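Everything numeric in this text was worked out from a predicted model, so none of it was measured.
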Amino acid sequence: MFPDRLRELRKGRNITLETLAIALNKKREPGQKPNTAAQIGNWERGDRSPSYIEVRKLADYFDVSLDFLVGRANTEKTDLSLLFLSRKEIDFNGVPLSDQERFDIFQYINAYFNEKNMATMMSKEDIKIDHQEELF
């Protein structure tokens, strides 16, 4: 499962093995050997397995959980509210959002779902009343 996920993540972002190796080397800890394109190719084919440190670097690079990367989770879930409240840079059409824009968009989304939840709750109350009236 890990080799497939790694290959899908890399190819899905149009990243070459060499580009990924260079990016991982930027996160290299003292005493660690540099990553190579051949090494990552071996991981993708399942010929070799990376260390925990390498898997953690890959998860950080692709911004996925370790569970997703190794196949313990089938989907990668992100809470949109936490994304807007985090310090992670968010772009829209390639342009970074300012802190004020992030806050404003968060407020719009929050209002949308609060309104939607209220409408759902009210329609459920209407259904309960209708059913009660039919019983009598």
Side-chain angles (χ1 to χ4, degrees):
M1 182 58 75
F2 169 79
D4 297 329
R5 290 274 166 93
L6 176 57
R7 188 179 319 102
E8 289 168 8
L9 286 167
R10 183 180 62 78
K11 287 187 175 188
R13 296 187 187 181
N14 295 319
I15 299 169
T16 65
L17 291 168
E18 187 64 35
T19 301
L20 181 54
I22 292 167
L24 293 178
N25 287 332
K26 291 178 183 176
K27 299 174 181 249
R28 194 171 78 200
E29 295 179 9
Q32 258 189 317
K33 293 181 181 179
N35 296 105
T36 65
Q39 175 189 44
I40 297 168
N42 283 332
W43 297 342
E44 286 188 1
R45 288 187 302 277
D47 294 341
R48 299 206 183 264
S49 297
S51 69
Y52 166 76
I53 292 169
E54 300 301 335
V55 175
R56 191 180 69 206
K57 287 189 326 188
L58 288 164
D60 288 345
Y61 178 79
F62 288 112
D63 196 24
V64 297
S65 68
L66 290 171
D67 281 347
F68 177 78
L69 190 55
V70 299
R72 290 186 59 187
N74 288 329
T75 59
E76 189 63 18
K77 182 177 169 182
T78 301
D79 186 328
L80 189 57
S81 65
L82 295 178
L83 178 64
F84 277 98
L85 298 174
S86 73
R87 295 306 308 159
K88 183 180 273 190
E89 185 176 294
I90 303 173
D91 292 358
F92 184 77
N93 288 335
V95 178
L97 299 177
S98 69
D99 288 342
Q100 186 62 51
E101 290 168 329
R102 292 165 68 111
F103 180 75
D104 292 344
I105 293 169
F106 172 78
Q107 293 296 330
Y108 292 134
I109 293 170
N110 195 35
Y112 170 80
F113 282 107
N114 283 337
E115 185 177 307
K116 185 176 176 182
N117 289 339
M118 289 299 291
T120 302
M121 287 174 47
M122 293 186 74
S123 68
K124 286 182 181 179
E125 288 177 10
D126 291 343
I127 292 170
K128 287 179 184 176
I129 292 170
D130 288 343
H131 286 295
Q132 288 176 351
E133 290 176 2
E134 288 177 12
L135 293 174
F136 294 105

Applying side-chain contact (heavy atoms from CB on, under 4.5 Å), can you list everything that pairs with [X], at least two apart in sequence or on another chain?
| X | answer |
| --- | --- |
| I90 | L83, F84, L97, R102 |
| N14 | none |
| E44 | L6, R7, R10, L17, I40 |
| S49 | none |

Calculate, to the nearest 0.5 Å, the distance between atoms [atom1] and [atom2] belonging to [X] and [Y] respectively.
| X | Y | atom1 | atom2 | result |
| --- | --- | --- | --- | --- |
| T16 | K11 | OG1 | NZ | 12.0 Å |
| T36 | I22 | OG1 | CD1 | 11.5 Å |
| M1 | L69 | CE | CG | 11.0 Å |

Results of side chain to side chain donor-acceptor pair (under 3.5 Å) for [X] - residues two or more places apart only:
| X | result |
| --- | --- |
| N110 | none |
| D47 | R45 |
| Q32 | E54 |
| E89 | none |

Cationic tip of R13 above F62 ring, under 6.0 Å, 45° of axis
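Negative - R13 is either too far from the ring of F62 or too far off its axis.
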Salt bridge (charged side-chain N to carboxylate O under 4.0 Å, His left out) with D99: which residues, sequence neighbours excluded?
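Per chain and number, D99 pairs via salt bridge (charged side-chain N to carboxylate O under 4.0 Å, His left out) with R87.
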With sequence neighbours left out, write down each residue that passes salt bridge (charged side-chain N to carboxylate O under 4.0 Å, His left out) with D60, or none if nothing qualifies.
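None.
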Is it the case that one hydrophobic cluster holds both [X] and [Y], taking links as side-chain heavy atoms less than 4.5 Å apart, direct or via other members?
| X | Y | result |
| --- | --- | --- |
| F113 | Y108 | no |
| I109 | F92 | yes |
| F68 | Y52 | yes |
| W43 | L66 | yes |

Does any non-hydrogen side-chain atom of L58 lie less than 4.5 Å from one of L20?
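Counting from C-beta outward, L20 and L58 do come under 4.5 Å.
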I want to check something: taking the side chain as every heavy atom from C-beta on, are V64 and R5 in contact at a cut-off of under 4.5 Å?
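Sidechains of R5 and V64: no contact.
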Minimal non-hydrogen separation, P3 against G46, with atom names
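Closest pair (atom of P3, atom of G46, distance): CG-CA, 3.8 Å.
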Over all heavy atoms of both residues, which pair between Y61 and L24 is shortest? Give the atoms and the distance, please.
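Scanning both residues completely, I find the closest heavy atoms to be CB-CD2, 4.4 Å.
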Sorted by first residue and then second, give each side-chain hydrogen bond (donor to acceptor under 3.5 Å, both in side chains) pair with at least one member in residues 20-31; sequence neighbours left out.
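Sorted pair list: E29-R56.
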